[in-house]
Asks: 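Let me begin by handing over the structure; questions about it come next.
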Amino acid sequence: DTEVTQTPKHLVMGMTNKKSLKCEQHMGHRAMYWYKQKAKKPPELMFVYSYEKLSINESVPSRFSPECPNSSLLNLHLHALQPEDSALYLCASSQDGTGKVYQPQHFGDGTRLSIL
Amino acid sequence: DAKTTQPPSMDCAEGRAANLPCNHSTISGNEYVYWYRQIHSQGPQYIIHGLKNNETNEMASLIITEDRKSSTLILPHATLRDTAVYYCIVRVPTAGGTSYGKLTFGQGTILTVHP
């Protein structure tokens, strides 16, 4: 069982719909991430939040809008997506200490998104 | 971050050791080697990491060559549940004074464990 919970597990939406993906962790982690993974490809980073503030945006189109309402929750708001946005969207979290000890990322099992 | 090269696929018999190689010839002195794996229909899972010494934990061992240009992940007694894509990642451990940051996944090695 993963400690990072993502909902929904599957989502089908039209190009004009607005939907949101949700991610939750209760490990006290202060860094949270969104990744996108196309079929048979490795995950690609989209966004990083640290202490509820956006710290990395990998030039993601504005039709993807992340939000971190508190330290345990991470949302990804979707609007006017294109068919090529169909993918597995993974959320991850890690401790965000200031030490030099590596703190691995813990991943959820993802939301499989299909755009019609 | 340094680039890594891994074989696209490998097979292993159940109960035998699985040795997964990774080349990182352009690794710099402050970059660590990290291994993650992704079992089908799941998110990636952290396995192990190291700088220059060999490392072992409950999941695997990591052997890094003396020149640090390559490494091998060893699963000592592979089981069917170890069938997954294994990713070798090289990067500095911190970014901006914190220990979070970007993971750049390569294509990885598909390990298939056979009965």
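These numbers come from the heavy atoms of this one structure, side chains and all, not from hydrogens, waters or symmetry mates. The chains referred to below are lettered A, B, ... by the order of the sequence lines, with proteins before strands, and numbering in each begins at 1.
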Asks: In terms of hydrophobic clustering (I, L, V, M, F, W, Y; side-chain heavy atoms under 4.5 Å; direct or indirect links), are A:Leu54 and A:Leu76 co-clustered?
Replies: yes

Asks: Taking side chain as everything from C-beta outward and backbone as N, CA, C, O, which of these in A:Gln37 sits under 4.5 Å from a heavy atom of chain B? Side chain, backbone, both or neither.
Replies: side chain

Asks: With clusters defined by side-chain heavy atoms of hydrophobic residues (ILVMFWY) lying less than 4.5 Å apart, directly or transitively, does B:Tyr36 cluster with B:Ile110?
Replies: yes

Asks: Tell me whether B:Ile74 is reachable from B:Val33 by hopping between hydrophobic residues (I, L, V, M, F, W, Y) whose side-chain heavy atoms are closer than 4.5 Å.
Replies: no

Asks: Pair B:Gln42, A:Leu90 - check side-chain contact (heavy atoms from CB on, under 4.5 Å), show working.
Replies: CA-CA 9 Å; B:Gln42 296 183 19; A:Leu90 293 161; over 6 Å; no

Asks: When heavy-atom pairs shorter than 4.5 Å are enumerated against chain B, which of A:Arg112, A:Lys40, A:Glu58 gives the highest number?
Replies: A:Glu58

Asks: Is there a side-chain contact (heavy atoms from CB on, under 4.5 Å) between B:Leu103 and A:Tyr35 once you walk through the steps?
Replies: CA-CA 10 Å; B:Leu103 282 178; A:Tyr35 288 82; 3.5 Å; yes

Asks: Quick one: does B:Tyr87's side chain have a donor or acceptor within less than 3.5 Å of a partner on A:Pro43's backbone?
Replies: no

Asks: Does some side-chain heavy atom of A:Phe107 sit less than 4.5 Å from a side-chain heavy atom of B:Tyr46?
Replies: no

Asks: Does atom NZ of A:Lys38 have more than 12 heavy-atom neighbours, drawn from other residues, nucleotides or ligands, at distances under 6.0 Å?
Replies: yes

Asks: Atom CE of residue position A:Met27 - does it have more than 12 heavy atoms of other residues, nucleotides or ligands inside 6.0 Å?
Replies: yes

